[in-house]
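Let me begin by presenting the structure, written as structure tokens, before commenting on it.
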Amino acid sequence: MQESAEFGELRRAHRSFAFPLTVGFISWYLLYVLLSIYADDFMGTKLFGNFNVAFVLGLAQFLTTFLIAWWYERHSSAELDPKAEAIKSRMEGGA
Amino acid sequence: MSPAITQVQLAQTQFAQTHLAAGEASEHRPLIISLFAVFVVATLVITVWAGRQTKDAADFYAGGRQFSAFQNGLAVSGDYMSAASFLGIAGAIALFGYDGFLYSIGFLVAWLVALLLVAEPLRNSGRYTMGDVLAYRMRQRPVRTAAGTSTIVVSIFYLLAQMAGAGVLVSLLLGITSDAGKVGIVALVGVLMIVYVTIGGMKGTTWVQMVKAVLLIGGTLLITFLVLLKFDFNVSDLLGSAAKNSGQGSAFLEPGLKYGLTTTSSIDFISLGIALVLGTAGLPHILIRFYTVPNAKAARKSVNWAIGIIGGFYLMTIALGFGAAALISKQEIVESNPAGNTAAPLLALHLGGVDSAWGAILLATISAVAFATILAVVAGLTLASSSSFAHDIYANVIKKGQATEKEEINAARYATIGIGVVSIGLGALARDLNVAGLVALAFAVAASANLPTILYSLFWKRFTTQGALWSIYGGLVTAVGLVLFSPVVSGKATSMFPDVDFHWFPLENPGIISIPVGFLLGFVGTLLSKEKADAGKYAELEVRSLTGTGAH
């Protein structure tokens, strides 16, 4: 089964989504950490009211975390679950 | 932000001498004790009820796998939001402004690693412990021994911090200052946790986590609402007042306030940031939660609930921390606890009105919530380590897979008592220690020893037993060893042993070295292996982890 085209497609659908996204959010988080350390003038720039760049970027980290979680859930329900279900029921039915 | 804040401040939460107790708290002692007692009695009733429904090993280890995604999401949040999150972050923000808030972000973003890479495959391919997944396609005995060892080491470090913290926090809030009294409180927490886990197993512990999560979120929502009410729901005004009242002006809202950013402290902060973001997905007490739901889809949805709940909670720490900074004088916060750890209870008192009944009630409520938080986290950690001992080490290594379910569960119960007694002992001894390194170390060890092996096992075909062993032991020894020779343990006024100096490693957090070492050793160990990876087993694991075929 592991070598079948059907499974290969499921694996690709998972990896091609999860791996780049993981690299993406870790880089974005590290960028934020590095900015906090090395770019304090930039981070201290006031944007509106008492909100500065640092604060807005911090809140943006929350936002992207929520968005990625939501996006992955949508991808999984639409792309991964049906494929996984099909393979599972066939294997367990056949066995 | 400086590592000095992150580590000392948050983890040390409970350690500095605090004076809240002396004045306000002792008058409110009957009320605080009653609320504690209500929580303890209620959770014991739940535990006994859950214990009667615990019949087989799947009940004991995995709560019968019948919890819904939402229930488990709540329980995961309960397990994750420890006293360091609640009291520590609020305190760090109250004293150092923006720097405290940075911490919340690492704790939250870390969940994406668990969501995207770990939760579903782990649920599909394991049974009760982290070791199940690591040993799946390897030689069982050596890998399970390694997995059990690192599970217990990570949990004990985390546990020790919570135990000692519980003793100090509770004794402060209750106004108990004698040594005997503090040791008594630590012992009480230890006995409660043994009762929760031995009687209630995973079912009881999961319900306790859910109750605690609801209380914590409820208490935090209430305080957040009251703070925002004071500022007419204008967050910008809240920040402005906090900056003004802190005496720091706009610097209070910018990174890097408290400590001069030297090269060492910058690298240390990066190190901590990496450990945080990679540690969560390797924490055994979090990972075993995924076994309490029926399938991988439910595991994924429970992580999503947890991200929502934990994210919401960390957003509210902004109101808690900046609220305390805006409404209470810095002097009062520091006098109560130099590390700011009592800022949240103090804020509750001020919101209700000092010397008013309402203030007393709020203070007692928030204190009871903090106590519930610690108890629940402690129970989760104990369960993770005793499960791993019984299932990985006793059943599969000592008994070579020949133990009956009953013997295995009994072993877990005895292990719980053993771990409980050890942590009562260590907690009582460690109550004056700087546990800063302990919590950070738990994250760093988890990221160095557990995460590389989990990821390689799931995604790298050629990974071998030798690679797994090198990675687990190498990551473990490097992380623990570097901390031993860091300023956390010796050489500084804030060290565990301030009077001696044998430190040569400059950073407080070993993550930036030990995590790459863990990954590298797994890689090199595999390349240098004489034996080849078992391709058939990997094929089986891969299909199972992605589809759930044959999952327990």
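The sequence lines fix the lettering, A, B, ..., with proteins before strands; numbering per chain opens at 1.
- By number of non-hydrogen pairs under 4.5 angstrom with chain A, the leading residue of Leu112(B), Leu546(B), Val235(B) is Leu112(B).
- Using a 4.5 Å cut-off between heavy atoms, Leu35(A) does not touch chain B at all.
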Please tabulate, for side-chain N and O atoms in residues 52-63 of chain A, each donor-acceptor pair with protein atoms closer than 3.5 Å (sequence neighbours left out).
unit_1, atom_1, unit_2, atom_2, d
Asn52(A), OD1, Ala54(A), N, 3.4
Asn52(A), OD1, Phe55(A), N, 2.9
Asn52(A), ND2, Leu253(B), O, 2.8
Gln61(A), NE2, Trp28(A), O, 3.3

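- Contact of Leu80(A) with chain B is not made at all, since no heavy-atom distance falls under 4.5 Å.
- With a 4.5 Å cut-off on non-hydrogen atoms, Arg15(A) touches chain B through its side chain but not through its backbone.
- Neither the backbone nor the side chain of Glu540(B) comes within contact range of chain A, judged by heavy atoms closer than 4.5 Å.
- Contact detail for Met91(A) and Val543(B): the closest heavy-atom pair is SD-CG1, 3.7 Å.
- Interface remark: of the candidates Leu278(B), Asn234(B), Ile274(B), Asn304(B), Asn304(B) forms the most heavy-atom pairs closer than 4.5 Å to chain A.
- What you find for Glu92(A) and Gly548(B) is that their closest heavy atoms are OE2-O, 4.3 Å.
- A side-chain donor-acceptor contact under 3.5 Å links Asn50(A) to the backbone of Ser236(B).
- Contact of Lys46(A) with chain B is made through the side chain alone, with heavy-atom distances under 4.5 Å.
- Annotation: side chain of Ser36(A) is in contact with side chain of Leu102(B) (closest heavy-atom distance under 4.5 Å).
- Side-chain atoms of His14(A) and Leu116(B), non-hydrogen and from C-beta on, never get closer than 4.5 Å to each other.
- Arg300(B) places a side-chain heavy atom less than 4.5 Å from the side chain of Ser77(A).
- Annotation for Lys461(B): atom NZ does not count as buried by contact number, only 12 or fewer foreign heavy atoms lying within 6.0 Å.
- The structure places CG of Leu108(B) at 8.5 Å from OG1 of Thr64(A), a figure rounded to the nearest 0.5 Å.
- Here Leu117(B) contributes atom CG and Thr22(A) contributes atom OG1; the two are 4.0 Å apart, rounded to the nearest 0.5 Å.
- Residues Leu115(B) and Ala69(A) come closest through the heavy atom pair CD2-CA, 3.7 Å.
- For Phe66(A), the ring pair (Phe, Tyr, Trp, His ring centres under 6.0 Å) criterion is met by no residue, not counting sequence neighbours.
- Considering all non-hydrogen atoms of both residues, Phe269(B) and Val33(A) come closest at CE2-CG1, 3.2 Å.
- To the nearest 0.5 Å, the span separating CD1 on Ile68(A) from CH2 on Trp111(B) amounts to 15.5 Å.
- Ranking Lys83(A), Met43(A), Glu73(A) against chain B, the residue ahead of the rest is Glu73(A), based on heavy-atom pairs under 4.5 Å.
- Put simply, of Gly550(B), Ser104(B), Gly311(B), the one with the most heavy-atom pairs under 4.5 Å next to chain A is Gly311(B).
- Using a distance-only test at 3.5 Å, with no hydrogens or angles considered, no donor-acceptor pair links the side chain of Glu254(B) to the main chain of Asp40(A).
- Annotation: the span from Asn295(B) atom CG to Glu85(A) atom CD amounts to 8.0 Å, rounded to 0.5 Å.
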